[in-house]
A.B. asks: 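Can you keep this structure in mind? I'll have questions shortly.
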Amino acid sequence: MVTPTAPHVYLQDIAGWDGKDVTLKGWLYNKRSSGKIRFVIVRDGTGLIQCVGSINDIGDEGLAAVDSLTQESSVIVEGTVKAEPRAPGGFELVLKKVVPVHVALGEFPISPKEHGTAFLMDNRHLWLRSKRQVAIMRIRHSIVKAIRDFFDERGFTLFDPPIFTNAACEGTSTLFETDYFGEPAYLSQSGQLYGECGAMALGKIYTFGPTFRAEKSKTRRHLTEFWMIEPEVAYAEMWDAAALAEDMICFVVRRVLDTRREELTAIERDPAILEKIQKPFPRICYTDAIEVLKKSGHEINWGDDIGGDEETTISNQYDRPVFLHHFPADLKAFYMKRDPNDPKLALGFDLLAPEGKGEVIGGGQREDDYDTLVARIQEHGLKVEDFEWFLDLRKYGTVPHAGFGLGLERTVAWLCGLPHVRETIPFPRMISRLKP
RNA sequence: UCCGGAGUAGCUCAGCGGUAGAGCGGGUGGCUGUUAACCACUAGGUCGGGGGUUCGAAUCCCUCCUCCGGAGCCA
């Protein structure tokens, strides 16, 4: 490899180098030619640029070097940055030197034409190099960073729960079972119970890690492995947790709008829709929601679960997320506290994203009374001895506490305007997708 | 698990009883300003597997497999 003489620059910084000589290190995205001139589009992971190679500048040898490169061959180029209004991005590189690093061993499977989703998912490891996927990954990164900044700035401590667990958190969902030195162990489907321990130790914490659901769900909203953020706050009640969720969402949306305009444009997401995500979010209780749904023609009765279509009907009434709260206790997990004014109801809430994107947050206040919680565990057919450590939180200085869980991939899908969560994570795990 | 839909060239698809097709991608050649460049030529197929009907099946029937969308369940 020839040592470059001009400084190595990333394309995201190219605007500061107009008129100067630079070295770019990247991959060939596409190329065109006309007689003794070559047009080479190079990407370096931070952007794309068209490089122009004329026989007058790079000679027959340079042209041959360009011609040897195929799509996604790696290459180091040197040249002069030139402002060019016709070029996407506003700049071109006038080539002086072309150094192939590795000529791809075969035809790159993903051509710059249309492909089906199944094919692209089979080639996910290569699909990630495309402009659109790069933009989504950057937005995902910024959402993660914003969430962490939000909690860190408010004095929360990151508290990592285990992934191997000995029992179900919520009894209902299906768990992935593994062999743990001869004993069955399950991949965590929620860090919440452990988060509650953290809240009692540290006051306010958040967990942030992968969770696993072995449900055979085949929808655009489901992954078997997904990332969840679960804050838990001691001495907090249901509406405190809802207000926290509201502040967090607004903080994250603001951050994406402030730092990822370019990426939103790349994926054709209209920022005006996100600008509307402002406090306060509407709050509608389950009982009222049922009435709204009946009037909209849904066949639903009090006590029924609110399904995907029903969620869309409700969220379509607003241009921002909406809280659904006070569900029938029977629909919710054993650890959820009941409403003292109406024990049929649970002190829980869901946050429904607009545009039919569905539930992105579920949360509420936890049952904090020892005897009541023991009874709930038994009612749900769970073994009390599996939860002794969890019950200890109610034995030693129990306090009201509340929290919520945010599904990261659903949030990314919503903010990016994607119809399916599979593009929001580098390597999605779904019922029929374990590879790559 | 249930209900729909789809499997034909590397990719996206057309063909739906009578010789296997197109566009893109690949290869070769041409062109000094191309923008998913263009022009010419070219290679490339067990029509998802198995069974059946028929003189003849990619096409009709049965069966299995795989994938996609939705329901249930959930974030």
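Values reported hereafter were calculated over all heavy atoms of this structure, with side chains retained and with hydrogens, waters and symmetry mates removed. Chain identifiers are assigned alphabetically (A, B, ...) following the order of the sequence lines, protein sequences preceding nucleic acid strands; residue numbering begins at 1 within each chain.
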A.B. asks: For a quick check, tell me whether the side chain of A:H115 and the base of B:C11 share a donor-acceptor pair closer than 3.5 Å.
C.D. replies: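 Between B:C11 and A:H115, which were checked side chain against base, a qualifying N/O pair under 3.5 Å is absent.
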A.B. asks: Taking OP1 and OP2 of B:G69, is either one under 4.0 Å from a side-chain nitrogen or oxygen of A:H420?
C.D. replies: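 True: A:H420 side-chain N/O within range (under 4.0 Å) of B:G69 OP1/OP2.
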A.B. asks: With ring pair (Phe, Tyr, Trp, His ring centres under 6.0 Å) as the test, pick out the partner of A:Y194 among A:W389, A:F390, A:F159, A:F164.
C.D. replies: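 When ring pair (Phe, Tyr, Trp, His ring centres under 6.0 Å) is applied between A:Y194 and each of A:W389, A:F390, A:F159, A:F164, only A:W389 qualifies.
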A.B. asks: Would you state whether a donor and an acceptor, one from the side chain of A:S432 and one from the base of B:C67, lie under 3.5 Å apart?
C.D. replies: no
A.B. asks: Looking for any heavy atom pair under 4.0 Å, which part of the strands does A:F39 touch: base, sugar-phosphate only, or nothing?
C.D. replies: base
A.B. asks: Would you please confirm or rule out a distance under 4.0 Å between OP1 or OP2 of B:A71 and any side-chain N or O of A:R220?
C.D. replies: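 Looking at the OP1 and OP2 atoms of B:A71, neither is under 4.0 Å from any side-chain N or O of A:R220.
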A.B. asks: Answer yes or no: is there an ion pair linking A:E423 with A:R132, defined by an N-O contact shorter than 4.0 Å?
C.D. replies: yes
A.B. asks: Under 5.5 Å between ring centres and under 30° between planes: does that hold for A:F226 against the base of B:A75?
C.D. replies: yes
A.B. asks: For A:N30 and A:G307, find the nucleotide of RNA chain B closest to each by heavy atoms; which residue's nucleotide sits nearer the 5' end?
C.D. replies: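 It is A:N30 whose nearest nucleotide is closer to the 5' end.
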A.B. asks: Is it the case that A:E196 and A:Y335 place a side-chain donor and acceptor less than 3.5 Å from each other?
C.D. replies: no
A.B. asks: Tabulated below should be each protein N or O lying under 3.5 Å from an N or O of nucleotides 43-48 of chain B; please produce it.
C.D. replies:
none

A.B. asks: When you compare the protein's N or O atoms with those of nucleotides 24-31 of chain B, which come within less than 3.5 Å of each other, and at what distance?
C.D. replies:
from	atom 1	to	atom 2	distance (Å)
B:G25	O2'	A:E107	OE2	3.0
B:C31	N1	A:G35	N	3.4
B:C31	N3	A:G35	N	3.4
B:C31	N4	A:S33	OG	3.2

A.B. asks: Given the structure, check if the side chain of A:R433 and the base of B:C67 hold any donor-acceptor pair shorter than 3.5 Å.
C.D. replies: no
